[in-house]
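Worksheet: one structure, shown below.
Remember, it's 1-based here, ligands and their atoms both numbered in the order they're listed. Every value quoted in this text rests on a predicted model; they were computed, and no experiment measured them.
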Amino acid sequence: MRMPIIAGNWKMYTTPAEARKLVLDMLPALDKVEGVDKLLCPPFVSLLLLKELLKDTSIRLGAQNMYFEVKGAYTGEISPLMLVELCHFVILGHSERRWYFGENDRLINNKIKSALSHKLIPILCVGERLRERESGRAQEVISNQLYAGLSDVATSSEIVIAYEPVWAIGTGKAATSKQAADTIKFIRDTLASIWDGRRAQEIRILYGGSVTGENITELVSQSEIDGALVGGASLRPEEFVSIVSQAAKIKGKSII
Ligand code: 13P
């Protein structure tokens, strides 16, 4: 049975003071929810602060990006060696990194391998743009991102995949639960070709893109969908706690 994950990607929101307030606002209720892995991914500058605030709680931390080199003259970059002291997870290949910062599959693959070699769990994001879906190329695009992103990555690697269709991110137009489940099934089949069927069944695959307190229950009711990578709604404490609680309730039932 795959343990569900709800991850909040705070993107470039919250100053350290705001991050402190946000986490303190959600912490008491969030800490109590069982049966789902709860993950917060704040900006780099708040990781240390949140590490202290979340000590002795059930909530884990992730970063939103990293460079693949361990150290060196790379002004402005953050290395896996730095992150591993602060958090357990790292989001890699997010579409905002791919499209605003020109990250390609080769760079993302280097980052994935580097994260794994430092015992960080990568959350590899994949997903098609609107014109790619409309021209029937969604599967081809996603398959290419997976093959390239996971090139030379060992079958046994602990990794999470997030399916985030670019057209659903920040638009208020989430994929339907059927679209998300069908694509995640396709991703799982692709992982079975890259690795093997048994390993593919163990990998957690999340959906991301306009997830809210309104649509989470329907999304996680799909057995293929193992949780969510939440952007905007993770900045609203009550709604994020509600998303996590709903996921725990639905996925808890399927465990029983
Ligand atoms: P929104 O939930 O704001 O659409 O963002 C999704 C996302 O990009 C999470 O990584």
Side-chain angles (χ1 to χ4, degrees), residues 4-14 18-19 22 26 30 36-44 46-47 50 59-66 83 87-101 103 108 111-112 115 120-130 132-133 138 141-142 145-146 149 159-177 179-180 183-184 187 204-220 225-247:
I5 309 184
I6 301 291
N9 174 8
W10 291 3
K11 306 193 179 183
M12 199 175 72
Y13 293 100
T14 69
E18 290 165 347
L22 181 55
M26 59 174 76
L30 198 58
V36 44
D37 281 343
K38 298 157 286 187
L39 180 64
L40 297 178
C41 304
F44 288 129
S46 294
L47 278 171
L50 261 64
I59 300 148
R60 298 171 87 193
L61 273 178
Q64 299 175 16
N65 182 32
M66 58 161 237
L83 289 184
C87 62
H88 290 100
F89 290 79
V90 58
I91 299 172
L92 294 173
H94 192 283
S95 62
E96 288 151 14
R97 302 278 342 151
R98 292 176 190 262
W99 302 116
Y100 299 149
F101 300 99
E103 293 200 7
I108 294 162
K111 292 183 177 197
I112 297 271
L120 287 162
I121 302 172
I123 302 178
L124 169 62
C125 301
V126 297
E128 80 286 0
R129 288 181 286 177
L130 186 59
E132 292 161 341
R133 173 160 283 262
V141 167
I142 292 166
Q145 289 172 340
L146 288 169
I159 188 165
V160 175
I161 310 286
Y163 168 53
E164 297 209 317
V166 180
W167 47 270
I169 295 177
T171 58
K173 289 189 192 130
T176 64
S177 56
Q179 280 173 325
T183 309
I184 287 177
I187 291 173
R204 295 181 289 182
I205 310 179
L206 316 180
Y207 167 76
S210 296
V211 172
T212 65
E214 299 290 306
N215 59 23
I216 186 68
T217 283
E218 197 185 330
L219 286 162
V220 295
I225 305 180
D226 300 320
L229 185 50
V230 186
S234 71
L235 297 164
R236 300 190 285 271
E238 272 183 32
E239 185 167 5
F240 189 63
V241 170
S242 164
I243 289 170
V244 171
S245 306
Q246 291 180 58

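By the criterion of a heavy-atom distance under 4.0 Å, the side chain of Asn9, and not its backbone, is placed next to ligand 1.
Considering backbone and side-chain N/O atoms, Gly231 comes within less than 3.5 Å of an N/O atom of ligand 1. For Gly232, a nitrogen or oxygen atom sits less than 3.5 Å from a nitrogen or oxygen atom of ligand 1, counting backbone and side chain alike. Note: no N/O pair closer than 3.5 Å links Ile169 and ligand 1 by distance alone. Checked by distance only, ligand 1 and His94 come closer than 3.5 Å through their nitrogen or oxygen atoms.
Below 4.0 Å from some heavy atom of Glu164 lie the following atoms of ligand 1, by number and element: 6 (C), 7 (C), 8 (O), 9 (C), 10 (O). With ligand atoms numbered from 1 in the order given, ligand 1 contributes 5 (O), 6 (C), 7 (C), 8 (O) to contacts under 4.0 Å with heavy atoms of Lys11. Numbered from 1 in the order shown, with element, the atoms of ligand 1 that lie under 4.0 Å from a heavy atom of Gly209 read 4 (O), 6 (C). Near Ser210, meaning under 4.0 Å from any of its heavy atoms, are these atoms of ligand 1: 1 (P), 2 (O), 4 (O). Numbered from 1 in the order shown, with element, the atoms of ligand 1 that lie under 4.0 Å from a heavy atom of Leu229 read 9 (C), 10 (O).
Listed here is the closest heavy atom pair of Gly62 and Leu39: N-CD1, 3.6 Å. The minimum heavy-atom distance between Ala168 and Tyr207, with the atom names listed, is CB-OH, 3.5 Å. Of all the heavy atoms in Ser210 and Gly172, the pair that sits closest is OG-N, 2.8 Å. Taking each heavy atom of Tyr163 and Arg133 in turn, the nearest pair found is OH-NH2, 3.3 Å.
The closest side-chain donor-acceptor pair between Gln246 and Ser242 falls under 3.5 angstrom. With 3.5 Å as the limit, one finds no donor-acceptor pair spanning the side chains of Gln64 and His94.
More than 12 non-hydrogen atoms from other residues, nucleotides or ligands lie less than 6.0 angstrom from CD of Gln179.
Under the 4.0 angstrom criterion for non-hydrogen atoms, Ala233 is not in contact with ligand 1.
A donor-acceptor pair under 3.5 Å links the side-chain atoms of Gln145 to the main chain of Gly127, judged by distance alone.
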